[in-house]
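Working notes, beginning with the structure itself.
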Amino acid sequence: MKIGIVCYPTFGGSGVVATELGKALSETGNTVHFISYAQPARLNVFSDNLFYHEVSIKNYPLFDYPPYETSLTSKLVEIVEFEKLDIIHVHYAIPHASSALLAKEILKDMGKNIPVITTLHGTDITLVGKDPSCKPVINYSINKSDGVTAVSNSLKNETVSIFNISNEIDVIPNFIDINKYQNVKRNPYRGKLCGKGERLIVHTSNFRKVKRIQDVINIFCKINKEIPSKLIMIGDGPERANIESLTRSLCSLKDVVFIGKIPDVENVLHNADLFLLTSEKESFGLSALEAMASSVPVISSNAGGLPELVQDGVSGYTCDIGDVNAMSEKAIEILDKKNINLFKNNAFKTASKYDISIILPKYIEFYKKILN
Ligand code: GMT
């Protein structure tokens, strides 16, 4: 198959999933064309059947806002026509789905039928998508796509409850390449940061309000009073300065390190003891899956799809959103030396169910169903 993948090029979950999917599809003999405004962060390999096309945006003094959607639509028309694509798969509905559907209409006038698949990732529905400034366009795009997938049952249900949906939505969960996480040899931070017997806790996010990162810091302070620990904060975003200042006021900065955005989370997760994800909304929680693939148990909120991913009491615990006390108590339970190894093993077993070898065939099957 010749597949066009449209995604955000950033470190966000939807871009990561789209990029890893494209790489895996190309390794199984398909030709994949990535279309985005910058090279996707995880697109670090190239081969003769993997391509990247940059959407360049024509600006003009009249425009207060560069017309990205128009440029993306035109690029899609060009790539479908000249690369003879069989299918377009867009990740994150805004604005990718409506651009792809307009490209489909343009191509129809040119005598070419191109199926469009839209994968919903989370905030394109639960936060931004339902805003009146986007809602009718997202509703239309979901109903007019040739195929729609959501990354969890929770996201599918939320989509159906928010919008007026007449199209079928299939659930295909996110995935990881388990080997990548298991083959890490050394965590470069663990030895430098942690004293003997100290636990290592990790959080990863895009530092947005929706992640409730203040809860991560509060939970860590409570844990650290009972069990000497260190916390590594991975990622960056609008809340980072506030969170760093909260950290300074609540605990010692020698116990918490902010390392910013990194391309190789697996190296930091390796040999960590606990992952914290306290989000108010989380359609799936790819970062929690990456942690479990590294044999790291998870304490998370019970937002969105997290209870589908984190098996409560087995691979970690899910607690009510904002319940810092319950999350700290459960964290201390997991970190106890008589429990930790069981939770670590279970976390890995849970993650194994989401290995790419299991999820990739579901996408290929879905493409074939749409193409037929
Ligand atoms: O976490 C974010 O805000 C980024 C966002 C994205 O689109 O990149 O993540 C969403 O998609 C990920 C991949 O499917 C999911 O694992 C995240 O749970 C989801 N984020 C939210 O729902 C807040």
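Whatever order the structure lists them in is the order used to number ligands and atoms, beginning at 1.
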If you scan protein heavy atoms around atom 10 (C) of ligand 1, the nearest is H121 O, 3.4 Å
of all protein heavy atoms, closest to atom 23 (C) of ligand 1 is K281 O, 3.3 Å
For atom 1 (O) of ligand 1, the closest protein heavy atom turns out to be K211 NZ, 2.7 Å
- Task: Give a yes/no verdict on whether any heavy atom in V210 is under 4.0 Å from an atom of ligand 1.
- Result: no
Per-atom filter on ligand 1: closer than 4.0 angstrom to a heavy atom of Y92 are 7 (O)
Atom 9 (O) of ligand 1: closest protein heavy atom, distance to 0.1 Å, is G13 N, 4.2 Å
Note to self: Side chain or backbone, does E282 bring an N or O within less than 3.5 Å of an N or O on ligand 1?
What the structure shows: yes
### Query
What about G122: any of its N or O atoms under 3.5 Å from an N or O on ligand 1?
no
- Does atom OH of Y65 have more than 12 heavy-atom neighbours from other groups under 6.0 Å away? no
### Message
Geometry only, no angles: is T126 polar-contacting ligand 1 at N/O separations under 3.5 Å?
### Response
no
Looking only at protein heavy atoms, what sits closest to atom 22 (O) of ligand 1 is S283 N, 2.8 Å
Should the pair E20-R42 be classified as a salt bridge under the 4.0 Å nitrogen-to-oxygen rule?
yes
Measure up the Y367 and H89 rings against each other and bin them: parallel (under 30°), tilted (30 to 60°), perpendicular (over 60°).
perpendicular
Residue, atom and distance of the protein heavy atom nearest atom 4 (C) of ligand 1 read N206 ND2, 3.6 Å
Any luck finding a side-chain donor-acceptor pair between S295 and Y181 under 3.5 Å? no
for atom 16 (O) of ligand 1, nearest protein heavy atom and its distance come out as L286 N, 2.9 Å
Polar proximity ligand 1 side, G15 side, N/O cut 3.5 Å exclusive
no
If we number the atoms of ligand 1 from 1 as shown, the ones under 4.0 Å from a heavy atom of N174 are 13 (C), 14 (O), 15 (C), 16 (O)
Applying side chain to side chain contact (heavy atoms under 4.5 Å, CB included), run through I125 and F163 and close with a yes or a no. CA-CA 9 Å; I125 296 298; F163 298 94; 3.7 Å; yes
**OP:** Return the orientation label for the H96 and Y8 ring planes: parallel under 30°, perpendicular over 60°, tilted otherwise.
**Re:** tilted
Requested in this report: Under the side chain to side chain contact (heavy atoms under 4.5 Å, CB included) rule, what do V77 and M110 come out as? Steps first, then yes or no, please.
Outcome: CA-CA 10 Å; V77 170; M110 295 160 65; 4.0 Å; yes
Of all protein heavy atoms, the one nearest atom 7 (O) of ligand 1 is S14 OG, 3.0 Å
Any salt bridge linking K369 with E365? Criterion: basic side-chain nitrogen under 4.0 Å from a carboxylate oxygen. no
Closest non-hydrogen atoms of T204 and L277, given as atom of the first, atom of the second and distance, are O-CD1, 4.2 Å
Contact region, D124 to ligand 1, non-hydrogen atoms below 4.0 Å, reads neither
Taking a cutoff of less than 4.0 Å between a non-hydrogen atom of the residue and any ligand atom, is G285 in contact with ligand 1? yes
message = If we only consider heavy atoms of R208, is any one of them less than 4.0 Å away from an atom in ligand 1?
response = no
Check: Should L231 and V216 count as side-chain neighbours, where that means a heavy-atom distance under 4.5 Å?
Finding: yes
Next item on the list: Decide side chain to side chain contact (heavy atoms under 4.5 Å, CB included) for I364 and L25; before the verdict, give the C-alpha distance in whole Å, the side-chain angles of both, and the deciding distance to 0.1 Å.
Entry: CA-CA 8 Å; I364 294 177; L25 284 164; 3.8 Å; yes
Polar atom proximity, V151 to ligand 1 (N or O, under 3.5 Å): no
On a heavy-atom basis, the closest approach of T126 and K281 is O-CE, 3.6 Å
